[in-house]
Amino acid sequence: MNQLKTKVAIITGGGSGIGAATAERLAEQGASVMVTDINGDAAEHTARVIQQRGQTAQALAQDVAEPDAWRAVFEATAKAFGPVNVLVNNAGVSGAGRDRFEEPEGLDAWRQIMSINLDAVNLGCRIAIQEMKVSGGAIVNVSSVMGLVGGAGPAYNASKGGVRLLTKSIASYCGRMGYPIRCNSVHPGYIWTPMVRQIAEVHEEVSTEAELKEMLLLQHPIGRLGEADDIANGIRFLISDESSFMTGSELVIDGGYTCV
Ligand SMILES: NC(=O)c1ccc[n+]([C@@H]2O[C@H](COP(=O)([O-])OP(=O)(O)OC[C@H]3O[C@@H](n4cnc5c(N)ncnc54)[C@H](O)[C@@H]3O)[C@@H](O)[C@H]2O)c1
């Protein structure tokens, strides 16, 4: 279980859902993990769960959309654990209930969603490349099935589609520059996390979580919704040496959502 013992990882949005499961999975395999989240208490909670198992984690409050915060996060992580060689850009927000294209407040929602879901991924990758370009590393950007097909609202779809191509562009840039950095994206189907459960509050056709689950289930041929661990396992693979020939790839983990 020490497969990742040389990894020093920053995981954004690690206070909840996919980010928390990923932090736990990487730490379980020996990685030293810096859990960051705009909700500092939630990040602390994830780090504490890991520490209580005798594994290695610390927490930091970080707003990923704040450009100046990134350098400090990398510096604090290096000080705690040594040079960073893994970045998981996971923090994100959904557009549910806000991503109204035609209405006046639509432009504000667009800008806010873009700043967290896409601009922040760019910010993280820029610092990661500067920090890892000599010693090497792996970046995983959490996109979505909604970066492959439409249906979630223009801002969320555009942000996640942007993450997909930003990832490929960074992979190609690192190759061209001779930097030993791999960069891949992950595309989850619907995973039953707080982000998805909130959809029930704003969806026009469903009014309860049970109804929402039922509706989403029908869109996943595998017959269930995803668990955060399903995605954590994919991210673990992409940062491990098992995927050493993968860069610029999109790992779709969606129970068949995009095959129908
Ligand atoms: N749940 C799904 O079905 C699903 C599907 C596809 C993709 N995703 C993506 O997976 C990622 C994680 O989603 P989740 O379902 O675990 O959601 P979640 O809401 O459970 O967790 C997201 C975390 O990000 C944090 N966050 C939000 N804004 C932030 C900011 N500005 N700076 C730092 N942290 C911030 C939140 O505090 C929260 O802890 C997101 O990028 C999401 O778009 C989720």
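Indexing begins at 1, ligand by ligand and atom by atom, following the structure's order.
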Keeping to residues at least two apart or across chains, list the side chain to side chain donor-acceptor pair (under 3.5 Å) pairs with something in residues 31-45. T36-Q62
Short question: side chain of N184, backbone of G248 - any donor-acceptor pair under 3.5 Å? yes
Starting from atom 9 (C) of ligand 1, locate the nearest protein heavy atom and write down its residue, its atom name and how far away it is, to 0.1 Å. V142 CG1, 3.8 Å
Between K160 and ligand 1, is there a nitrogen or oxygen pair with a distance under 3.5 Å? yes
Is L123 reachable from V140 through a run of hydrophobic residues whose side-chain heavy atoms are each under 4.5 Å from the next? no
Quick check: D63 and ligand 1, any N/O pair under 3.5 Å apart? yes
Where does the angle between the aromatic ring planes of H220 and Y257 fall among parallel (under 30°), tilted (30 to 60°) and perpendicular (over 60°)? tilted
Checking a contact table here: which protein heavy atom is nearest atom 28 (N) of ligand 1, and how many Å away? V93 CG1, 3.8 Å
Among I231, I253, L225, D37, which residue places a heavy atom closest to atom 37 (O) of ligand 1? D37
Candidate with minimal heavy-atom separation from atom 22 (C) of ligand 1, of G92, S115, G226, A152: G92
For I113 and R98, what are the C-alpha separation, side-chain angles and deciding distance, and is it a side-chain contact (heavy atoms from CB on, under 4.5 Å)? CA-CA 9 Å; I113 292 163; R98 292 180 300 133; 3.8 Å; yes
Is I116 in polar range of ligand 1, meaning some N or O pair under 3.5 Å apart? no
Nitrogen or oxygen of N90 less than 3.5 angstrom from that of ligand 1: yes
N/O separation below 3.5 Å, I38 to ligand 1: yes
Candidate pair E131 and V84, rule side-chain contact (heavy atoms from CB on, under 4.5 Å), full reasoning: CA-CA 7 Å; E131 296 291 322; V84 177; 5.6 Å; no
Going hydrophobic residue to hydrophobic residue with side-chain gaps under 4.5 angstrom, can you get from M215 over to Y156? yes
Write out the residue and atom name of the closest protein heavy atom to atom 17 (O) of ligand 1, then the distance separating them to 0.1 Å. M195 CB, 3.4 Å
What about V64: any of its N or O atoms under 3.5 Å from an N or O on ligand 1? yes
For N90, give me all partners under side chain to side chain donor-acceptor pair (under 3.5 Å), at least two apart in sequence or on another chain. none
Do the side chains of V64 and L118 join up, straight or via other hydrophobic residues, at under 4.5 Å, putting them in one cluster? yes
Look at ligand 1 and say whether W192 reaches it with a heavy atom at a distance under 4.0 Å. no
So which protein heavy atom does atom 14 (P) of ligand 1 come closest to, and at what separation? T193 OG1, 3.6 Å
Heavy-atom side-chain contact between L225 and K213 under 4.5 Å: yes
Shortest protein heavy-atom distance from atom 16 (O) of ligand 1, along with the residue and atom involved: I18 N, 2.8 Å
State if A42 counts as touching ligand 1 under the rule of any non-hydrogen atom under 4.0 Å. no
Provide the number and element of each atom of ligand 1 under 4.0 Å from a heavy atom of G13. 23 (C), 24 (O), 25 (C)
Check whether more than 12 heavy atoms from other residues, nucleotides or ligands sit under 6.0 Å from atom CD of Q130, and answer yes or no. yes
Starting from atom 33 (C) of ligand 1, what is the nearest protein heavy atom, named by residue and atom, and what distance separates them? Q62 O, 3.1 Å
Hey, does V196 come in under 3.5 Å of ligand 1, counting only N/O atoms on both sides? no
Within the structure, is a non-hydrogen atom of S143 found at a distance of less than 4.0 Å from ligand 1? yes
Flag for S172-R176: side-chain donor and acceptor within less than 3.5 Å: yes
Where is the nearest protein heavy atom to atom 4 (C) of ligand 1: which residue, which atom, and how far? G189 O, 4.0 Å
Just need the protein heavy atom nearest to atom 20 (O) of ligand 1, so name the residue and atom and give the distance. S16 OG, 2.6 Å
So for atom CZ, which belongs to R53, do other residues, nucleotides or ligands contribute more than 12 heavy atoms lying within a distance under 6.0 Å? yes
